[in-house]
Asker: 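Mind looking over this structure? Questions follow.
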Number of protein chains: 2
Amino acid sequence: MDKQRQRSEETRSRLLEAAERSFAQQGFDGTGVAKICQAAGVTKGAFYHHFSSKEDVFMELFRRWLERLEIQMAKLRENSASVPEELLSMTSLMQEVLQATEGQFPIYLEFWTRAMRDPAIRQELISPFYRYRDLFSEMVLKGVSEGTMKEVHPETTARLILAVALGLLIQGLLEPQEAEWDQVTQESMQILLDGLMKR
Amino acid sequence: MDKQRQRSEETRSRLLEAAERSFAQQGFDGTGVAKICQAAGVTKGAFYHHFSSKEDVFMELFRRWLERLEIQMAKLRENSASVPEELLSMTSLMQEVLQATEGQFPIYLEFWTRAMRDPAIRQELISPFYRYRDLFSEMVLKGVSEGTMKEVHPETTARLILAVALGLLIQGLLEPQEAEWDQVTQESMQILLDGLMKR
DNA sequence: TCTATAATACCGACCGGTCGGTATGTATTC
DNA sequence: GAATACATACCGACCGGTCGGTATTATAGA
């Protein structure tokens, strides 16, 4: 009854978790493989049994992050009320993202940093952005055609929405306790919609 | 006629430039002091004559960046038309910032990364944000009192404006050639103002 | 003005330590 | 008894920082 596989998978995930924590706290270069192993309660042998290099673990974590982004985006697509309502309902999702990201900001910065250096990784990072932009773009297009929104330029507006989301997210991560971020997000989106909706 | 001082300052600035380039391309940890020296055409002796550590050069560059931010903010304060006009005129400044930052994104990420790790540095990074937020807050307050703007919450609105600026900046840095960013900024601000202004 | 001396600016070999990765051994499971 | 899952010991490269020394320039006294 595959006892080995079970054990193997557990150590693997323990290594991943330990690596994530350490990367977040000490950064990629500041994190030693030995430290990861110590935190995971195993030794280097286990580490290099599961991963080919330190970079390898990092990329695994990176891919998992991208996957989570995809899932978030999928959630966004589920909605199907009027476009403005849809956009407003996004704020709760933003809050979710913020909480999930809390305390993990540094590792995302690490992702970004590496992405800027390696063109391939960079592309992997950018593509979700394109997807989000396209999603927003579609929503705006729909909003315009259904008559609830002004006749704005869909792509530009999509970038604007993305900017607001990104900008508020960063501020929220930078100083989590400084404001009621869900409320700020809510009000911000409301203001934005006031500029986008027909009256 | 202070020939020594002149030479000294030149090597120092050469070291700073070399360090900045290397940090941007290879990151802080990926950059060796020896490499910086090689790029600057001097040796370690010169380096440690001018700086106490690798961290020291980094912090010097960081402080220079913050200074530049201050200067940008000072430019913002010069304006004195009506608040909405003032906000619109900011877009040209955004463009300036974008161009100045172009190709330097990685080192700013490096700044952020370190800032998240060291509370003191973090504070240095955050404080300009507070200043910008306060500046925008004042502007909104003025706009409300002069009757050109709706009665929105100044702080929240300030955060929103900051978010737009930050979000668009990041997108612009991530894919500089992907759009006419000055135009996008212009239109975005216009939409935002439509949501903020009384009609 | 010439010189002695101090100060500055810089050189470059070297060290202590760290860290990613490997090679080999061992225990447990299939 | 073969394969899997991990442990242990170790290597070699690299890197930040040091330190004794040198060359050049500034300074002060005669």
Side-chain angles (χ1 to χ4, degrees), chain A residues 1-62 106-107 110-111 113-114 117-118 121, chain B residues 1-62 107 110 113-114 117-118 121:
Chain A
M1 61 258 303
D2 251 357
K3 203 169 170 183
Q4 273 194 150
R5 180 152 194 121
Q6 192 177 340
R7 177 191 167 130
S8 176
E9 278 177 9
E10 197 189 315
T11 32
R12 184 185 167 87
S13 66
R14 290 184 61 178
L15 277 168
L16 278 168
E17 284 170 28
E20 187 165 21
R21 266 199 306 276
S22 193
F23 285 153
Q25 287 167 17
Q26 324 283 343
F28 181 79
D29 294 296
T31 295
V33 175
K35 282 292 167 73
I36 297 176
C37 297
Q38 194 180 351
V42 294
T43 64
K44 279 196 181 183
F47 184 93
Y48 283 98
H49 175 72
H50 287 283
F51 306 99
S52 63
S53 66
K54 195 171 79 164
E55 176 94 15
D56 191 23
V57 215
F58 185 80
M59 287 307 294
E60 172 88 28
L61 290 171
F62 178 61
I107 203 179
E110 208 79 30
F111 288 154
T113 305
R114 289 190 96 70
R117 225 154 274 154
D118 184 323
I121 303 181
Chain B
M1 55 232 330
D2 253 354
K3 202 168 170 184
Q4 272 194 148
R5 182 152 192 121
Q6 193 178 337
R7 176 188 170 144
S8 177
E9 278 177 9
E10 198 189 315
T11 36
R12 184 186 167 86
S13 68
R14 290 184 62 178
L15 278 167
L16 277 168
E17 282 169 30
E20 186 166 22
R21 266 199 306 275
S22 193
F23 285 152
Q25 286 167 18
Q26 324 282 343
F28 181 79
D29 294 296
T31 295
V33 175
K35 282 293 168 73
I36 296 176
C37 296
Q38 195 180 350
V42 293
T43 64
K44 280 197 181 183
F47 184 94
Y48 282 99
H49 175 72
H50 287 284
F51 306 99
S52 65
S53 67
K54 194 170 80 164
E55 177 95 15
D56 191 22
V57 214
F58 185 80
M59 287 308 294
E60 172 88 28
L61 290 170
F62 179 60
I107 203 179
E110 206 77 31
T113 305
R114 289 191 96 70
R117 226 152 271 154
D118 184 323
I121 303 181

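Small disclaimer: the values here were computed from a predicted structure and weren't measured. Below, all heavy atoms of this structure are taken into account, side chains as well, without hydrogens, waters or symmetry copies. Labels below follow one simple rule: chain letters A, B, ... track the order of the sequence lines, proteins then strands, and each chain is numbered from 1.
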Asker: Are the side chain of B/K35 and the backbone N or O of B/G30 linked by a donor-acceptor pair below 3.5 Å?
Answerer: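 The answer is no, because no donor-acceptor pair under 3.5 Å joins these two groups.
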Asker: What's the shortest heavy-atom distance between B/I36 and B/L15, and which atoms?
Answerer: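 For B/I36 and B/L15, the tightest heavy-atom pair comes out as CG2-O, 3.9 Å.
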Asker: So which nucleotide from D/dT24, C/dG21, D/dA5 ends up closest to the side chain of A/H49?
Answerer: D/dA5
Asker: Spell out, as yes or no, whether a donor-acceptor pair under 3.5 Å connects the side chain of B/T31 to the backbone of B/S22.
Answerer: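 Yes; at least one donor-acceptor contact below 3.5 Å.
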Asker: Write down the distance between CD (A/E9) and P (D/dT4), rounded to a whole number of angstrom.
Answerer: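 My rounded result for the distance is 15 Å.
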Asker: Could you check which of C/dC10, C/dG20, D/dG17 has an atom nearest any side-chain atom of B/Y48?
Answerer: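 Selected nucleotide (nearest to the side chain): D/dG17.
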Asker: Whole angstroms only, please: what is the CD-P distance between B/E55 and D/dC15?
Answerer: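 Interatomic distance, CD of B/E55 to P of D/dC15: 17 Å.
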Asker: Just to be sure I understand the rule, does B/T31 reach a base, reach only the sugar-phosphate, or reach nothing, if contact means heavy atoms closer than 4.0 Å?
Answerer: sugar-phosphate
Asker: Quickly work out the B/F47 CZ to D/dT18 C1' distance and round it to whole Å.
Answerer: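 The answer, rounded to whole Å, is 14 Å.
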Asker: How close or far is atom C1' of D/dA7 from atom CD of A/Q38, stated in whole angstroms?
Answerer: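 Rounding to the nearest Å, CD of A/Q38 and C1' of D/dA7 are 15 Å apart.
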Asker: Determine, for A/F62 and A/R114, whether the Lys NZ or Arg CZ falls below 6.0 Å from the six-membered ring centre while staying within 45 degrees of the axis.
Answerer: no
Asker: Starting at the 5' end of DNA chain C, which residue's closest nucleotide do you reach first, A/F28 or A/G45?
Answerer: A/F28
Asker: Of the listed nucleotides (D/dA7, D/dC6, D/dG17), which one gets closest to any side-chain atom of A/V42?
Answerer: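 In terms of side-chain proximity for A/V42, the closest of D/dA7, D/dC6, D/dG17 is D/dA7.
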Asker: Taking only the side-chain heavy atoms of A/Q4 (C-beta and beyond), determine which of C/dC11, C/dG20, C/dT28 contains the nearest atom.
Answerer: C/dT28
Asker: If you check the A/D2 side chain, which of D/dT25, D/dA9, C/dC30 turns out closest?
Answerer: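 From the listed options, C/dC30 comes nearest.
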Asker: Just how far, in rounded Å, is C1' of C/dT8 from CZ of B/R5?
Answerer: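 Taking atom C1' of C/dT8 as the reference, CZ of B/R5 is at 12 Å.
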Asker: CD1 of B/I36 versus P of C/dC11: gap in Å, rounded?
Answerer: 15 Å
Asker: If you check every side-chain atom of B/R7, which of D/dA26, C/dA9, D/dG16 has the closest atom?
Answerer: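 Among the listed nucleotides, the one closest to the side chain of B/R7 is C/dA9.
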Asker: Rounded to the Å, how far apart are B/K3 NZ and C/dA7 C1'?
Answerer: 17 Å
Asker: Does a side-chain N or O of A/T11 approach OP1 or OP2 of D/dC6 to a distance below 4.0 Å, or not?
Answerer: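 So the side-chain polar atoms of A/T11 do come within 4.0 Å of the phosphate oxygens OP1 or OP2 of D/dC6, strictly under.
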Asker: Crowded around A/Q38 CD? As in, over 12 foreign heavy atoms under 6.0 Å?
Answerer: no
Asker: Of the listed nucleotides (C/dG21, D/dG17, C/dC11), which one gets closest to any side-chain atom of B/T43?
Answerer: C/dC11
Asker: B/Q26 has an atom CD; how far is it from atom P of D/dG16, in whole Å?
Answerer: 12 Å
Asker: Record whether the side chain of B/K44 comes under 3.5 Å of the base of D/dG17 through a donor-acceptor pair of N or O atoms.
Answerer: yes
Asker: Just checking A/S8: base, sugar-phosphate only, or nothing, at a heavy-atom cut-off of under 4.0 Å?
Answerer: sugar-phosphate
